[in-house]
2 protein chains.
Amino acid sequence: MPAIAQEAGSGDVLMLAWMNRDALARTAETGEAHYWSRSRRRIWHKGEESGHVQKVRELRLDCDADAVLLQVEQAGGIACHTGHERCFFRKLDNGRWVETEPVAKDPQAIYGKK
Amino acid sequence: MPAIAQEAGSGDVLMLAWMNRDALARTAETGEAHYWSRSRRRIWHKGEESGHVQKVRELRLDCDADAVLLQVEQAGGIACHTGHERCFFRKLDNGRWVETEPVAKDPQAIYGKK
């Protein structure tokens, strides 16, 4: 199911990822966000490569029990693999998606050259 | 794709729903949230029955272009079909989901008896 990560301090919605039962259980146990990677088909400890882990302050469930909301503290201040602070860095402006925020850190510096 | 509605004033995440291209286009055109109802398999103008429409202040797209974030003004202050202000009214507390917020308005009073 979809899982929304919201920065506890600012209230900014950082990203949307996916969870299965196992990811939710590990998140609750460890206090750090774990998601289900649909592309890699495995549990993914957010920040395992980048160090940008998410400390979970609160976990919420929606009315239909098919979406989760996480209040997190985002380590490094960067949630997105593109190096943006959050994944929602484009907004609709006169029918076009425009970037509103710069890359905070070069992804190559976060993940190393590959 | 998943669409997150966030109350523009408070920053509260109200609900998670779904959009297809058509729902997104109608939302952009009308300035009111339209979603794709997976159960009813049709476009759904949020608030069409309840009057609890969502005026859209901003539309954002995520890095992979597969999730949308809406900043909205929630008419009536109630986003959830259960009568709660928001769908995320349960939080995890010692391994159990507990309701943290009361029903703001009886759903029967919102939708009428059926």
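When reading the values below, keep in mind they use all heavy atoms of this one structure, side chains included, and skip hydrogens, waters and symmetry mates. In what follows, every chain begins at residue 1, and chains take the letters A, B, ... in the order their sequences are listed.
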*asked:* Does A:Glu85, at its CD atom, have more than 12 non-hydrogen atoms belonging to other residues, nucleotides or ligands within less than 6.0 Å?
replied: no
*asked:* Counting neighbours of CZ on A:Arg96 that are heavy atoms of other residues, nucleotides or ligands and sit closer than 6.0 Å, is the number greater than 12?
replied: no
_Which one wins on heavy-atom pair count under 4.5 Å against chain A: B:Arg90, B:Glu99, B:Lys91?_
B:Arg90
*Linking I/L/V/M/F/W/Y whenever any side-chain heavy atoms sit under 4.5 Å apart, do A:Val53 and A:Ile43 land together?*
no
*asked:* Under 4.5 Å from any heavy atom of chain B, what part of A:His84 do you find: side chain, backbone, both or neither?
replied: neither
*Do you reckon B:Leu59 sits in the same ILVMFWY cluster as B:Met1, going by side-chain contacts under 4.5 Å, direct or chained?*
yes
*Within residues 11-29 of chain A, which positions have a heavy-atom distance to chain B below 4.5 Å?*
A:Gly11, A:Val13, A:Leu16, A:Trp18, A:Leu24, A:Ala28
*asked:* Distance check, rounded to the nearest 0.5 Å: A:Phe88 atom CZ versus B:Glu58 atom CD?
replied: 11.5 Å
*Provide the full list of ring-ring contact (aromatic ring centres under 6.0 Å, His included) pairs with a residue in residues 52-75 of chain A, sequence neighbours left out, each pair given once.*
none
_I'd like to check the side-chain contact (heavy atoms from CB on, under 4.5 Å) partners of A:Ala33; sequence neighbours left out, ordered by chain and number._
A:Tyr35, A:Lys46, A:Gln54, A:Val56, A:Leu70
*Mind ranking A:Gly95, A:Ser10, A:Pro2 by heavy-atom pairs under 4.5 Å with chain B and telling me who comes out on top?*
A:Pro2
_Per-residue contact mode, A:Thr100 against chain B (heavy atom under 4.5 angstrom)_ = side chain
*Hey, is CZ on A:Arg42 packed in by over 12 heavy atoms from elsewhere, all under 6.0 Å?*
yes
_Path from A:Ile78 to A:Tyr111 over hydrophobic side-chain contacts below 4.5 Å_ = yes
*Sort by residue number and list every member of residues 60-69 of chain A having a non-hydrogen atom under 4.5 Å from chain B.*
A:Arg60, A:Leu61, A:Asp62, A:Cys63, A:Asp64, A:Ala65, A:Asp66, A:Ala67, A:Val68, A:Leu69
